[in-house]
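As the structure is a computational prediction, the values presented were derived from the model and not from experiment. Protein chains get the first letters and strands the later ones, always in sequence-line order, with residue 1 at the start of each. These numbers come from the heavy atoms of this one structure, side chains and all, not from hydrogens, waters or symmetry mates.
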Number of protein chains: 2
Amino acid sequence: MKMRLDNRKMQILRAIIDDYILNAVPVGSRTISKHPGIGLSSATIRNEMADLEELGYLEQPHLSAGRIPSDKAFRLYVDDLMSNADLNPEEIRAANNYLSMKRGGIEAVVRQTAIALSDLTDYTSMVLSPQLRGIRLRHIQIVPLRELTAIVIIVTDAGITKNAFIRTPYNMDAELLDRISRRLTAQLYDCRVVDIDTNKVMESLYEFGNNVDFFKALINGIESNLEEGSKHIELSGAGNILSHPEYNDVERAKHILSVIEEQESLYRVLRDATKMEFTITIGAENENPGMRGCSIVTATYHMKGKPIGSMGVIGPTRMNYAKVLAILRYMGSCLSETLTSMLEEDS
Amino acid sequence: MKMRLDNRKMQILRAIIDDYILNAVPVGSRTISKHPGIGLSSATIRNEMADLEELGYLEQPHLSAGRIPSDKAFRLYVDDLMSNADLNPEEIRAANNYLSMKRGGIEAVVRQTAIALSDLTDYTSMVLSPQLRGIRLRHIQIVPLRELTAIVIIVTDAGITKNAFIRTPYNMDAELLDRISRRLTAQLYDCRVVDIDTNKVMESLYEFGNNVDFFKALINGIESNLEEGSKHIELSGAGNILSHPEYNDVERAKHILSVIEEQESLYRVLRDATKMEFTITIGAENENPGMRGCSIVTATYHMKGKPIGSMGVIGPTRMNYAKVLAILRYMGSCLSETLTSMLEEDS
DNA sequence: ATTAGCACTCGAGGTGATTGAGTGCTAACA
DNA sequence: TGTTAGCACTCAATCACCTCGAGTGCTAAT
């Protein structure tokens, strides 16, 4: 006999998950039978639960306990069952309050966003700094620093500066480097990384002598510098994981903390997440084995309509997906708006 | 009858502290009487312990437990009793291993140092980014960004760039701003912040029109930018606090984590600590009430012989001060050396 | 198909006894 | 006079044991 997930099973599963998200305690048949909207006795629920367990949606920690939803159940939940929440006015006020202090440039805004996210959700939050790919060049300046070494400064239309050291083939003086800077600026003004035509730029530098390797290194440096973007991640509320009962086990908590601190894998998660408006990764779906047992929800933010970064929340698999999504949605649009307006208005 | 801390009491206290640092468990009279170098019976030790308690060096969690050293005892310990440790070859190898990858500029080095510190000590570590005060100016460049807004880029001899937005009084074109930049660079080349003579610089800008407010804002911007230094703190091993039994209480751990994450007070600690070669702050000596119960040990690092920043370790009051000091001393000199050499050699 | 009823399971939490590491005090001792 | 042996006492930790109750599966009646 083939079991199917009929409507009633779905309803029951949903009630179980809702309860579990709220209480973090295995939920029993009686609890569900008393649930408004479900007019069934606990015995019936038990039968259904047994079916759901067989289908892989529920798990039993031990015989005489209730059931807890599996990763698979949460997947179903976020895909089909979840009713999406909205922020209440109070939360919106709180969120705006965090963001009101937009002094201090992009980094400060990103940091404030991270703090707001972790405080509002009560989970750990992370915000990837804006990625520069697609941003346009405004100015290039090469400054001699000491013997045979110069520093290359790149300014973009986002008001972000980056800099890199470069080795010069001989002791080029400030004047020469300045002329080269002007030529480069003229050539590359308003270019994005992808627009850079190395050969053409090289040609335009011929008059400054036969230093092919140096020029090549210079252009490569500019390109790679713009391309790599900033790998910086702003974290906040790392301690929040200790608030949730699943991490009362100190060993577990320590482990997660070290994974979070390492940042490299978080960077990969956020980088990849920038391709999609929202992502939800549940428990074992995480690539990093250390993150199994956690869920990650992310949202993208934009600048002038283009996605340039993403932010996310790390919590237990039983996190309140609906609420987290709502908060991420709101904060994402706030951040997008702020960043875009920082380009247009005074700052 | 006046009790004094005679030599024997000191020895006993020292043995107690050593033992407590190692085991984190109240230590009893029998343990000490068996301690090599102390040829006394437990009964005698008990008498001495009672005296030490009366003098405020020991505390009893409850009647039938051993004693634990008070903050006052630890203070005495680090000031007078402690024998200073040296790193063993293996630790030196490990430390060098962390620092071998000095690719990627100052931030990367600072980060690596923080990671090494936390891994070697098993406590939480923090490293304050180099403070620029005392660093010399190399280049100033003002670039128009959009209507009425420009970005000011400052390059120092440490190869550090900083940038700030500035509002222009009218739409100054790139050419004009460039001429102003050159003039400023000429005027301020090789200056430290403290050397800047605002009036003289203002005078030299007269020829660029009567924009007193703008010029003033410009110079102020440069000054304050250099002055404030970077408030960035690199943290590592936040999760390590969970390794120590005093933080098995989740509430306590959460509290400390939130204090650490807030960073503002850590910045103040490290900033102030830059004035001294080493500092040790024990328990209640901390200014931040949230940090009482912790100890902080810091060391200064230098660039070309001048102190430009400090690094520290946060742990329980019973931390292994001798070892932590040795590690900080070693890492401090490594960092100083690396930073100084980054100025001189290619990077 | 649903439900009431029942026997069974098992973790959580409470009780009480035991253990052992520790103390203070006193009296004997060198 | 300082040191030590000895003893009575304290108290947290641990363990065995018990009870409680929330939960289950199964079966028979509706």
Nearest-angstrom distance from the residue atom [atom1] of [X] to [atom2] of [N]:
X     : N      : atom1 : atom2 : answer
B:R30 : D:dT4  : CZ    : C1'   : 14 Å
B:N23 : C:dA21 : CG    : P     : 14 Å
A:D51 : C:dT2  : CG    : P     : 11 Å
B:K34 : C:dA21 : NZ    : C1'   : 11 Å
A:I45 : D:dG23 : CD1   : P     : 13 Å
A:E48 : D:dG23 : CD    : P     : 18 Å
B:L58 : C:dG22 : CG    : P     : 14 Å
A:K9  : C:dA1  : NZ    : P     : 11 Å

Please check this pair: side chain of B:T298 against backbone of B:M311, looking for a donor-acceptor N/O pair closer than 3.5 Å.
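No: the side chain of B:T298 does not pair with the backbone of B:M311.
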
Quick one: does any side-chain atom of B:R30 pair with a main-chain N or O of B:S41 as donor and acceptor, under 3.5 Å?
no

Assess whether a salt bridge exists between A:E285 and A:R75, defined as any Lys/Arg side-chain N lying under 4.0 Å from an Asp/Glu carboxylate O.
yes

Quick check on D:dT24: is either OP1 or OP2 less than 4.0 Å from any side-chain nitrogen or oxygen of A:R67?
yes

Using the salt bridge (charged side-chain N to carboxylate O under 4.0 Å, His left out) definition, which of the options B:E54, B:E53, B:E59 pairs with B:R67?
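Testing B:R67 for a salt bridge (charged side-chain N to carboxylate O under 4.0 Å, His left out) against B:E54, B:E53, B:E59 leaves exactly one candidate, B:E53.
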
By the side-chain hydrogen bond (donor to acceptor under 3.5 Å, both in side chains) test, which pairs, at least two apart or in different chains, include something from residues 234-248 of chain B?
A:K254-B:S243, B:R111-B:E234, B:S118-B:S236, B:E246-B:R318

Quick test: give all pairs of protein nitrogen or oxygen and nucleotides 3-7 of chain C nitrogen or oxygen below 3.5 Å, distance rounded to 0.1 Å.
{"residue": "C:dT3", "atom": "OP2", "partner": "A:S41", "partner atom": "N", "Å": "3.2"}
{"residue": "C:dT3", "atom": "OP2", "partner": "A:T44", "partner atom": "OG1", "Å": "2.7"}
{"residue": "C:dG5", "atom": "O6", "partner": "A:R46", "partner atom": "NH2", "Å": "3.3"}

Considering residues at least two apart in sequence or located in another chain, which fulfil the side-chain hydrogen bond (donor to acceptor under 3.5 Å, both in side chains) criterion with B:Q60?
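Partners of B:Q60 by the side-chain hydrogen bond (donor to acceptor under 3.5 Å, both in side chains) criterion come out as none, since no residue qualifies.
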
For B:K323, check side-chain hydrogen bond (donor to acceptor under 3.5 Å, both in side chains) against everything at least two apart and list the hits.
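By the side-chain hydrogen bond (donor to acceptor under 3.5 Å, both in side chains) rule, B:K323 matches no residue at all.
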
Where do N or O atoms of nucleotides 10-14 of chain C meet protein N or O atoms at under 3.5 Å, pair by pair?
{"residue": "C:dC10", "atom": "O4'", "partner": "A:S64", "partner atom": "OG", "Å": "2.9"}
{"residue": "C:dC10", "atom": "O2", "partner": "A:S64", "partner atom": "OG", "Å": "3.2"}

Sequence neighbours excluded and cut-off under 3.5 Å, please list the side-chain donor-acceptor pairs for residues 11-22 of chain B, or say none.
{"residue": "B:R14", "atom": "NH1", "partner": "B:L81", "partner atom": "O", "Å": "3.4"}
{"residue": "B:D18", "atom": "OD1", "partner": "B:Y77", "partner atom": "OH", "Å": "2.8"}
{"residue": "B:D19", "atom": "OD1", "partner": "B:N23", "partner atom": "ND2", "Å": "3.4"}
{"residue": "B:D19", "atom": "OD2", "partner": "B:N23", "partner atom": "ND2", "Å": "3.4"}

Among A:N288, A:I260, A:L128, find the one that has a side chain to side chain contact (heavy atoms under 4.5 Å, CB included) with A:L266.
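Exactly one option meets the side chain to side chain contact (heavy atoms under 4.5 Å, CB included) with A:L266, and it is A:I260.
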
Closest to the A:A50 side chain: D:dT24, D:dG25, C:dT23?
D:dG25

